[in-house]
Amino acid sequence: MIEFDREQFLKDVHDIVRLIPEGRVTSYGAIAKALEQARRSRMVGWAMNQSPDDVPAHRVVNSSGVLTGRQFFGGTRMRELLQAEGVVVNENKVANFKKVFWDPLTEMDCD
DNA sequence: TGAGTGACTGTAA
DNA sequence: CTTACAGCCACTC
């Protein structure tokens, strides 16, 4: 019986975020779902807050493609990082979200 | 110890 | 488009 470990969750989230390729984004919910913790999407946001510099947290947006965490990147930093990778952003939202969306489950369907 | 808050999601009206 | 409610749980005071 393994009870829920925050550190493990944090590690798993960081691991997934690190797998996000350039020019792609994903959502908090998708990450939570990939960890079979779909209802812990808020914890993913918390994990992003606790993420080290080697985690591209700027590639993580909410389910609508909105850069909800941009305020944690010092203003427009998040948007600029994304645009630098080829992601088109309108003010605070990702354009063609469905196209640039990267689903962790697609890459991690190995069980 | 309990209430408030939040980088969320889904459903409903 | 908006507002509201429910569910989730770490963190702060």
Side-chain angles (χ1 to χ4, degrees):
Chain A
M1 176 60 183
I2 303 174
E3 67 181 90
F4 179 72
D5 283 340
R6 300 180 195 73
E7 293 184 26
Q8 186 60 52
F9 179 79
L10 206 65
K11 179 177 175 300
D12 290 341
V13 172
H14 293 167
D15 193 45
I16 291 177
V17 176
R18 271 188 280 252
L19 294 176
I20 305 174
E22 285 188 17
R24 295 297 186 118
V25 299
T26 192
S27 69
Y28 304 93
I31 294 172
K33 206 168 196 174
L35 297 176
E36 300 184 56
Q37 306 289 334
R39 305 197 159 192
R40 291 189 162 109
S41 50
R42 305 184 83 143
M43 303 298 85
V44 177
W46 165 77
M48 292 294 87
N49 200 310
Q50 304 297 311
S51 64
D53 293 338
D54 63 316
V55 174
H58 61 277
R59 295 183 186 145
V60 185
V61 298
N62 74 358
S63 63
S64 300
V66 180
L67 280 54
T68 50
R70 76 198 160 107
Q71 59 187 303
F72 286 66
F73 278 79
T76 58
R77 188 76 169 287
M78 188 171 183
R79 172 182 165 180
E80 305 230 347
L81 285 169
L82 286 174
Q83 292 195 133
E85 296 181 355
V87 179
V88 181
V89 180
N90 293 320
E91 292 300 318
N92 62 333
K93 185 170 181 173
V94 176
N96 55 355
F97 181 52
K98 296 183 76 171
K99 278 192 174 182
V100 299
F101 180 75
W102 180 83
D103 188 351
L105 294 174
T106 303
E107 301 293 316
M108 303 175 57
D109 64 6
C110 53
D111 62 304

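Remember, it's a predicted structure, so these values are computed and weren't measured experimentally. Within every chain, numbering begins at 1; the chains are lettered A, B, ... in the order of the sequence lines, protein sequences first and strands thereafter.
- The minimum heavy-atom distance between A:A30 and A:F101, with the atom names listed, is CB-CZ, 3.8 Å.
- Applying the salt bridge (charged side-chain N to carboxylate O under 4.0 Å, His left out) test to pairs two or more places apart or on separate chains, those with a residue in residues 38-56 of chain A are A:R18-A:D54.
- In terms of modelled atom types and a separation under 3.5 Å, the side chain of A:T76 and the main chain of A:R79 share no donor-acceptor contact.
- For A:M48 against A:V60, the heavy-atom pair with the smallest separation is SD-CG2, 3.8 Å.
- Note on residues 63-72 of chain A: no pairs pass salt bridge (charged side-chain N to carboxylate O under 4.0 Å, His left out), not counting sequence neighbours.
- With sequence neighbours excluded, the residues satisfying side chain to side chain contact (heavy atoms under 4.5 Å, CB included) with A:Q8 are A:D5, A:K11, A:D12.
- Residue-level contact check: A:R42 touches the bases, meaning some heavy atom is under 4.0 Å from a base atom.
- For DNA chain C, the contact window with chain A, defined by any atom under 4.0 Å from a protein heavy atom, covers C:dG7 to C:dC11 in 5' to 3' order.
- The nearest pair of heavy atoms linking A:A34 to A:I16 is CB-CD1, 3.9 Å.
- If you walk DNA chain B from 5' to 3' and mark each nucleotide with an atom closer than 4.0 Å to a heavy atom of chain A, the marks span B:dG6 to B:dG10.
- Scanning residues 8-30 of chain A for heavy-atom distances under 4.0 Å to DNA chain B yields A:S27, A:Y28, A:G29.
- Hydrophobic clustering, with ILVMFWY side chains joined whenever heavy atoms are under 4.5 angstrom apart, groups A:V55 together with A:F9.
- Annotation: side chain to side chain donor-acceptor pair (under 3.5 Å) contacts involving residues 89-102 of chain A, sequence neighbours excluded, are absent.
- When every heavy atom of A:P104 is checked against every heavy atom of A:T26, the shortest pair comes out as CD-OG1, 3.5 Å.
- The residue among A:R39 and A:R6 whose nearest nucleotide of DNA chain C lies closer to the 5′ end is A:R39.
- Nucleic acid contact for A:A57: base, since at least one base atom lies under 4.0 Å from a heavy atom of the residue.
- Using a 4.0 Å heavy-atom criterion, one finds that A:R70 contacts no nucleic acid atom at all.
- For the C1' atom pair drawn from C:dC8 and B:dG6, the interatomic distance equals 12 Å after rounding to whole Å.
- Secondary-structure stems of DNA chain B, taken as three or more successive Watson-Crick or G-U wobble pairs (i with j, i+1 with j-1) under a 3.5 Å distance threshold, comprise B:2-6 with C:9-13, B:8-13 with C:2-7.
- Evaluation of the side chain to side chain contact (heavy atoms under 4.5 Å, CB included) rule for A:Q50 yields A:L10, A:W46 as partners, not counting sequence neighbours.
- The side chain to side chain contact (heavy atoms under 4.5 Å, CB included) test applied to A:F72 returns A:N49, not counting sequence neighbours.
- Of the residues in residues 48-56 of chain A, those with a non-hydrogen atom less than 4.0 angstrom from any atom of DNA chain B are A:M48, A:N49.
- Scanning for side chain to side chain donor-acceptor pair (under 3.5 Å) contacts around A:N62 gives an empty result, with sequence neighbours left out.
- On the C1' atoms, C:dT2 is 22 Å away from B:dA7, given to the nearest whole Å.
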